[in-house]
Amino acid sequence: MSLYRHNPAELAPPTGSSHAVTATGTRLVFLAGQAAHGPDGKIVGDSLTEQFATALGNLLTVLRHAGGTPADLARLTVYTTDVDTYQDEADELGEIWARLAGRDHPATAVIGVVRLRDDRARIELDGIAVLDEPTPA
């Protein structure tokens, strides 16, 4: 499996994302939306940054369970109830991404929403990964 990130010089450099990702592989993994739920099903953290770290950790846990790694993420969608705070805290969110997921960035969209399924949630992440290896048992 290979992912190729495309960031044309004619466009502004992306921050925390790639403009496009092409992939070769044999298995797509569609990752359901993950909010900052702890093992008890309750939202962990009050700040958007705290919730981002937990939601990303949850997404990566599901991806690893499916046999993938953060480098296999081709697409990420971020839903947030507070786009302004997301932008203001972009550096901190980038540090969390680097710590949990590494240096590779998928093609990403950030979408502002009125609310999420859990009314305490401030952020939710879903994604698509491309893998070559067989599905784990």
Side-chain angles (χ1 to χ4, degrees):
M1 187 277 309
S2 295
L3 294 181
Y4 302 95
R5 288 158 175 78
H6 304 276
N7 296 303
E10 299 85 3
L11 299 178
T15 303
S17 179
S18 292
H19 283 298
V21 176
T22 54
T24 60
T26 58
R27 187 164 54 102
L28 293 176
V29 179
F30 297 91
L31 300 159
Q34 298 294 321
H37 291 104
D40 62 358
K42 295 181 180 172
I43 293 293
V44 175
D46 292 318
S47 74
L48 188 137
T49 303
E50 292 171 313
Q51 289 194 17
F52 178 81
T54 301
L56 180 58
N58 290 346
L59 187 83
L60 296 176
T61 296
V62 173
L63 177 57
R64 287 186 184 97
H65 189 269
T69 68
D72 297 322
L73 277 171
R75 175 80 175 141
L76 179 74
T77 305
V78 178
Y79 303 92
T80 180
T81 59
D82 190 347
V83 174
D84 290 336
T85 299
Y86 184 92
Q87 291 174 322
D88 291 345
E89 297 179 358
D91 289 344
E92 292 173 69
L93 300 175
E95 290 172 10
I96 293 166
W97 178 273
R99 180 170 42 88
L100 298 179
R103 297 176 48 98
D104 295 321
H105 292 280
T108 303
V110 178
I111 300 170
V113 297
V114 173
R115 73 174 297 257
L116 296 162
R117 184 173 181 182
D118 186 314
D119 63 358
R120 287 198 60 232
R122 299 184 66 194
I123 198 159
E124 184 171 320
L125 310 173
D126 73 19
I128 300 172
V130 182
L131 289 76
D132 262 340
E133 62 271 7
T135 302

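In this text the structure is predicted, and so the values were computed from the model without any measurement.
- Sorted by first and then second residue, the ring-ring contact (aromatic ring centres under 6.0 Å, His included) pairs involving residues 27-62 (not counting sequence neighbours) form an empty list.
- Separating the OG1 atom in Thr69 from the CG atom in Leu63 is a distance of 6.5 Å, to the nearest 0.5 Å.
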Please tabulate, for the side chains in residues 97-107, all donor-acceptor contacts under 3.5 angstrom to protein atoms that are two or more places apart in sequence or on a different chain.
residue, atom, partner, partner atom, Å
Trp97, NE1, Gly102, O, 3.4
Trp97, NE1, Asp104, O, 3.1
Trp97, NE1, His105, ND1, 3.4

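- Annotation: the span from Asp72 atom CG to Leu28 atom CG amounts to 11.5 Å, rounded to 0.5 Å.
- Contact between Ile123 and Ala55 at its shortest, heavy atoms only, is CG2-CB, 4.4 Å.
- One finds the CZ atom of Arg5 at 9.5 Å from the OG1 atom of Thr22 (value rounded to the nearest 0.5 Å).
- No donor-acceptor distance shorter than 3.5 angstrom exists from the side chain of Thr77 to the backbone of Ala109, with no hydrogens or angles considered.
- Looking at heavy atoms from C-beta onward, Val62 lies out of side-chain contact with Val29 at the 4.5 angstrom threshold.
- Scanning both residues, Ala121 and Thr81, for their nearest heavy atoms gives O-CG2, 4.0 Å.
- Within the 3.5 Å criterion, the main-chain N or O of Ser18 finds no donor-acceptor partner in the side chain of Asn7.
- Taking every heavy atom of both residues into account, Pro70 and Leu60 meet most closely at CG-CD2, 3.9 Å.
- For Arg115, the side-chain hydrogen bond (donor to acceptor under 3.5 Å, both in side chains) criterion is met by no residue, not counting sequence neighbours.
- Taking CZ of Arg75 as the start and CG of Asp126 as the end, the distance is 8.5 Å to the nearest 0.5 Å.
- Here CG of Leu93 is found 10.0 Å from CG of Leu56. Values are rounded to the nearest 0.5 Å.
- Remark: side-chain polar atoms of Ser17 are paired, donor with acceptor, to backbone N or O of Thr108 under 3.5 angstrom.
- At a threshold of 4.5 Å between side-chain heavy atoms, the hydrophobic network of Ile, Leu, Val, Met, Phe, Trp and Tyr places Leu125 and Ile111 in two separate groups.
- With contacts defined as side-chain heavy-atom distances shorter than 4.5 Å, the pair Leu31/Leu73 qualifies.
- No side-chain donor-acceptor contact under 3.5 Å links Glu92 to the backbone of Glu89.
- The side-chain hydrogen bond (donor to acceptor under 3.5 Å, both in side chains) test with Asp46 singles out one residue from Arg120, Arg122, Gln51, and that residue is Arg120.
- Both Ile96 and Val110 sit in one connected hydrophobic cluster of ILVMFWY residues. Membership requires side-chain heavy atoms under 4.5 Å apart, directly or through other members.
- Atom-to-atom distance recorded for Arg64:CZ and Leu59:CG is 10.0 Å, nearest 0.5 angstrom.
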